[in-house]
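A short write-up of the structure that comes next.
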Amino acid sequence: MSLTLSNVILHQLVKNGQDELEIHLRNQTLDNDSATDDLVAELHRIYSSKGTKGFAHFAADSEFAHWLKQFRQGELDFLTFSNQAVQRLQAELVKYPFAEAGTLVMAEYQSLATDYLFIGMLPTSHSMKVTDQLGISATDYLDINKMDIVARIDLSSWETNPESTRYLTFIKGRVGRKIADFFLDFMQAEIGLDVKVQNQVLMQAVEDFCADSRLDKEEKQQYRKQVYDYCNGQLQAGDEVTVKELSSELPASDNGTNFYDFASKQGYELEESFPADRTAMRKLTKFVGSGGGMTLNFDSMLLGERIFYDAETDTLTIKGTPPNLKDQLLRRLNSDN
């Protein structure tokens, strides 16, 4: 991986005897050597591989953004900038009872001609190691794979297009740990592009285009499959869905209107490009539902062919049960009788 490290530093937030968060500041940045290069490269790799991320942008009065701009313009050094940032983070964290100790990593680097600032609270895990004398001693280490309080700022995008709402990305924390409640607040950032909403709007636009084009059932199924194949291909490649590119791969309606023009004229407010959402696009080709101890998942093309739904009685009829399920059912019926 081609990555050029400019600055990296660690600060710690620890709990004192009164269970209060205190800061242990490092008094100088880390040296740029093979160890720090490897650390930041691994942080970048793991962060990039994480699932769906949220998008955000700085509020107009963001003090953090002001400090960051001062640093980028040479008015603050990286050490001073990081000190101010971690002190602001501590002030934000003490508002929340679930705040935990951890190591704050801040790194400025370049990857594939893009400048980034990585900011993450890394959890510390305890383990054992074998000493040179073949004894056992306790050791602590940064558990990078479990990081979930992390944000990354695309500095290049922020500086060239400050009106964007997506230059800051963050990992959506686990249930019960709402990163937007404190980590984004510490940077005074606001939620920007909503990937899930964009995908839902795209799926609705696809359905409406099929209806407007008066496609028959098979044509609609084929159209949905083409959309799914494109979105899935982009997801697998790590690329975003580009609406104009998607439109070029889809047939136009009988009156010559292509999907891109239809979506634009009908006011669906789709971004030119956005990441694909696996859950949303799956609905193009499958029906999925669970509840009351039951989970159902079947290809949408089977509706009306082998699977029938009666809305009045809320009954689903399946013709042609999967062999392995049929075998289980017969075994249970025979054993019960």
Worksheet item: Stepwise, does the side chain to side chain contact (heavy atoms under 4.5 Å, CB included) test hold for Glu190 with His57?
Response: CA-CA 5 Å; Glu190 300 172 348; His57 59 99; 3.4 Å; yes
Discussion item. Let's go through Trp67 and Thr80 carefully: what are the C-alpha distance in whole Å and the side-chain angles of both, what is the deciding distance for side chain to side chain contact (heavy atoms under 4.5 Å, CB included) to 0.1 Å, and is it a yes or a no?
Written reply: CA-CA 9 Å; Trp67 296 334; Thr80 303; over 6 Å; no
Discussion item. Could you tell me if the side chain of Gln221 sits less than 4.5 Å from the side chain of Arg224, heavy atoms only?
Written reply: yes
Worksheet item: Does atom CD of Gln73 have more than 12 heavy-atom neighbours from other groups under 6.0 Å away?
Response: yes
Worksheet item: Roughly how far, to the nearest 0.5 Å, is the OG1 atom of Thr114 from the CG atom of Asp154?
Response: 5.5 Å
Discussion item. Once rounded to the nearest 0.5 Å, what's the spacing between atom CG of Asp194 and atom CG of Asn199?
Written reply: 9.5 Å
Discussion item. Are more than 12 heavy atoms, taken from residues, nucleotides or ligands other than Lys217, located less than 6.0 Å from that residue's NZ atom?
Written reply: yes
Fill in: Sidechain-backbone polar pair: Ser247 side chain, Val243 backbone, donor-acceptor under 3.5 Å
no
Worksheet item: Just checking, any donor-acceptor pair under 3.5 angstrom between side chains of Tyr109 and His44?
Response: yes
Discussion item. Between Phe259 and Leu202, is there a side-chain heavy-atom distance shorter than 4.5 Å?
Written reply: yes
Worksheet item: What about Val14 and Leu25, same hydrophobic cluster or not, with Ile/Leu/Val/Met/Phe/Trp/Tyr joined at side-chain heavy-atom distances under 4.5 Å?
Response: no
Worksheet entry | CG-CD1 distance between Leu184 and Ile191, expressed to the nearest 0.5 angstrom | 5.0 Å
Item to complete: Evaluate the side-chain proximity of Gln90 to Val86: yes if any heavy-atom separation is below 4.5 Å, no if none is.
Response: no
Discussion item. Apply ring pair (Phe, Tyr, Trp, His ring centres under 6.0 Å) to residues Phe209 and Tyr223 and explain how you reach the verdict.
Written reply: CA-CA 10 Å; Phe209 182 78; Tyr223 201 91; 5.4 Å; yes
Worksheet item: Hey, does Tyr260 have a side-chain heavy atom less than 4.5 Å from the side chain of Leu246?
Response: no
Practice prompt. Kindly check if the number of other-residue, nucleotide or ligand heavy atoms within 6.0 Å of CG (Leu112) is above 12?
Written response: no
Worksheet item: What distance do Ser164 atom OG and Phe58 atom CZ have between them, rounded to the nearest 0.5 Å?
Response: 11.5 Å
Worksheet item: Do you know the tightest heavy-atom contact between Leu43 and Phe118?
Response: CD1-CE2, 3.9 Å
Discussion item. Side chains of Asp277 and Gln200, heavy atoms from C-beta outward: is any pair under 4.5 Å?
Written reply: no
Worksheet, complete the sentence: Phe78 and Thr29 have their tightest heavy-atom pair at CD2-CG2, 3.8 Å
Worksheet item: So do the side chains of Gln234 and Met281 get within less than 4.5 Å of each other, counting heavy atoms only?
Response: no
Discussion item. For a quick check under 3.5 Å, do Ser82 and Arg26 share a side-chain donor-acceptor pair by atom type?
Written reply: no
Worksheet item: Cluster question for you: counting only ILVMFWY and a side-chain heavy-atom cut-off of under 4.5 Å, with indirect links fine, are Met294 and Leu302 together?
Response: yes
Worksheet item: Between Ser49 and Ile46, is there a donor-acceptor pair closer than 3.5 Å when you use the side chain of the first and the backbone of the second?
Response: yes
Worksheet, complete the sentence: The single option from His66, Glu92, Glu63 that satisfies side-chain contact (heavy atoms from CB on, under 4.5 Å) with Gln188 is Glu63
Worksheet item: Looking at Ala65 and Trp158, what are the two nearest heavy atoms and their distance?
Response: O-CH2, 3.8 Å
Fill in: Full working for side chain to side chain contact (heavy atoms under 4.5 Å, CB included) between Phe81 and Leu68
CA-CA 7 Å; Phe81 165 61; Leu68 180 56; 3.7 Å; yes
Practice prompt. Please check if Leu303 and Met203 belong to a single hydrophobic cluster, counting links between Ile, Leu, Val, Met, Phe, Trp and Tyr side chain heavy atoms closer than 4.5 Å.
Written response: no
Discussion item. Please determine whether residues Ile153 and Leu76 belong to a single hydrophobic cluster, defined as Ile, Leu, Val, Met, Phe, Trp and Tyr linked transitively by side-chain heavy-atom distances below 4.5 Å.
Written reply: yes
Discussion item. Under a 3.5 Å distance rule, please check whether Asp299 uses its side chain to pair with a backbone N or O of Met301 as donor and acceptor.
Written reply: no
Discussion item. Between Val150 and Val105, is the side chain to side chain contact (heavy atoms under 4.5 Å, CB included) condition met? List the steps.
Written reply: CA-CA 9 Å; Val150 187; Val105 180; over 6 Å; no
Discussion item. Quick one, Leu39 and Ile144 - any side-chain contact, counting heavy atoms below 4.5 Å?
Written reply: yes
Worksheet, complete the sentence: Distance col, row Phe298:CZ vs Thr285:OG1, nearest 0.5 angstrom, shows 11.5 Å
Discussion item. Let's go through Tyr167 and Tyr116 carefully: what are the C-alpha distance in whole Å and the side-chain angles of both, what is the deciding distance for ring pair (Phe, Tyr, Trp, His ring centres under 6.0 Å) to 0.1 Å, and is it a yes or a no?
Written reply: CA-CA 10 Å; Tyr167 51 75; Tyr116 292 104; over 10 Å; no
Worksheet item: At what distance, to the nearest 0.5 angstrom, does CG of Leu296 lie from NZ of Lys286?
Response: 12.5 Å
Worksheet entry | Shortest non-hydrogen separation from Pro275 to Leu193 and the atoms involved | CD-CD2, 4.4 Å
Discussion item. Test your reading of the model: is there a side-chain donor-acceptor pair from Asn161 to the backbone of Ser157, 3.5 Å cut-off?
Written reply: no
Discussion item. Between Met187 and Ile119, is there a side-chain heavy-atom distance shorter than 4.5 Å?
Written reply: yes
Worksheet item: Going only through I, L, V, M, F, W and Y residues with side-chain contacts under 4.5 Å, is there a path from Leu316 to Val288?
Response: no
Fill in: Stacked cation flag Lys53 on Tyr47, 6.0 angstrom / 45 deg
yes
Worksheet item: Which of these, Met121, Glu22, His24, sits in a side-chain contact (heavy atoms from CB on, under 4.5 Å) with Leu13?
Response: Met121
Practice prompt. Verify, without hydrogens or angle tests, whether Asp115 (side chain) and Leu155 (backbone) share a donor-acceptor contact under 3.5 angstrom.
Written response: no
Discussion item. Taking Glu249's backbone N and O only, do any of them form a donor-acceptor pair with Gln226's side chain (distance below 3.5 Å, no angle check)?
Written reply: yes
Fill in: Identified salt bridge (charged side-chain N to carboxylate O under 4.0 Å, His left out) partner of Arg166 from the options Glu271, Glu240, Glu272
Glu240
Worksheet item: Is the closest side-chain donor-acceptor distance between Asp33 and Thr36 under 3.5 Å?
Response: yes
Fill in: Greater than 12 external heavy atoms within 6.0 Å of Glu269's CD
no
Worksheet entry | Heavy-atom closest contact (Thr242 atom, Tyr230 atom, distance) | N-OH, 3.1 Å
Discussion item. Is it the case that the side chain of Asn32 and the backbone of Ser6 share a donor-acceptor pair, with hydrogens and angles ignored and the cut-off at 3.5 Å?
Written reply: yes
Practice prompt. Return the minimal non-hydrogen interatomic distance between Ile9 and Gln28, and the atom names on each side.
Written response: CD1-O, 3.8 Å
Item to complete: Establish, from distance only, whether the side-chain atoms of Asp314 and Tyr309 form a donor-acceptor pair under 3.5 Å.
Response: yes
Discussion item. Under the criterion salt bridge (Lys or Arg N to Asp or Glu O under 4.0 Å), I'd like the reasoning laid out for Glu207 against Lys220: C-alpha separation, chi angles, the key distance, then a yes or no.
Written reply: CA-CA 8 Å; Glu207 292 300 317; Lys220 288 180 180 177; over 6 Å; no
